[in-house]
Chemist: 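Take this structure first; my questions come after.
None of these values were measured; they are calculated from a predicted model.
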Amino acid sequence: MARSTTPAAGTRRLWEQGNRITRSYGNISHHYDLEDPQRAIFLVKNEPVPAFRHKTLLQLVQEGRTEDVIGYLESISAGFVG
């Protein structure tokens with residue numbers, strides 16, 4: 001049975017998604033006192049987001065919803081607070 005993605009390609013894809021999220025988080029860090037990278041990582045892994053049925057941003061990425069996470073972070077950066 002052939003796999004559609006090699007382990008290296010899957011790891012590279014996750015790394016690229018992580019970088020995109022990190023950049024997006026960096027854009028809002030000044031709004032939410034997230035200058036400490038360890039705090040930002042903690043929030044991505046542990047903070048439930050009500051807009052996504054209380055899933056964490058990491059859970060959303062694991063579900064393949066990276067674009068939703070990026071959009072959410074961009075909306076916060078633009079001033080959306082709901």
Side-chain angles (χ1 to χ4, degrees):
M1 175 183 279
R3 291 172 53 170
S4 60
T5 336
T6 65
T11 300
R12 184 174 48 253
R13 183 176 55 73
L14 286 174
W15 184 82
E16 290 168 355
Q17 291 173 348
N19 278 337
R20 290 181 62 207
I21 290 168
T22 301
R23 284 192 304 274
S24 295
Y25 228 105
N27 291 338
I28 66 165
S29 65
H30 62 283
H31 293 291
Y32 292 94
D33 192 26
L34 299 175
E35 298 300 324
D36 177 12
Q38 293 300 318
R39 174 146 171 74
I41 291 168
F42 176 84
L43 292 173
V44 167
K45 292 168 85 175
N46 298 292
E47 185 70 22
V49 180
F52 293 108
R53 296 184 171 183
H54 300 280
K55 292 182 179 183
T56 66
L57 297 180
L58 179 60
Q59 287 172 317
L60 294 168
V61 170
Q62 290 170 334
E63 292 175 0
R65 298 181 62 189
T66 302
E67 294 303 318
D68 292 336
V69 170
I70 302 276
Y72 172 74
L73 293 173
E74 288 175 349
S75 73
I76 290 173
S77 179
F80 178 77
V81 293

Chemist: Which atom names give the shortest non-hydrogen contact between Thr56 and Val44, and what distance separates them?
Modeler: CB-O, 3.6 Å
Chemist: If you look at every heavy atom in Lys55 and Glu63, which pair is closest and at what distance?
Modeler: NZ-OE2, 2.6 Å
Chemist: Check the pair Leu73, Leu57 against side-chain contact (heavy atoms from CB on, under 4.5 Å), reporting the backbone distance first and the verdict last.
Modeler: CA-CA 10 Å; Leu73 293 173; Leu57 297 180; 4.1 Å; yes
Chemist: First locate atom CG of Leu58, then atom CG of Leu43, and finally report the distance between them rounded to the nearest 0.5 Å.
Modeler: 12.5 Å
Chemist: Please identify each residue that fulfils salt bridge (charged side-chain N to carboxylate O under 4.0 Å, His left out) with Lys45, with sequence neighbours left out.
Modeler: none
Chemist: May I ask you to test the Phe52-Arg65 pair for a side-chain heavy-atom distance under 4.5 Å?
Modeler: yes
Chemist: Got a sec, which residues hit side chain to side chain contact (heavy atoms under 4.5 Å, CB included) with Glu67, two or more places apart in sequence or on another chain?
Modeler: Arg20
Chemist: Side-chain contact, heavy-atom cut-off 4.5 Å: Val49 with Leu60?
Modeler: no
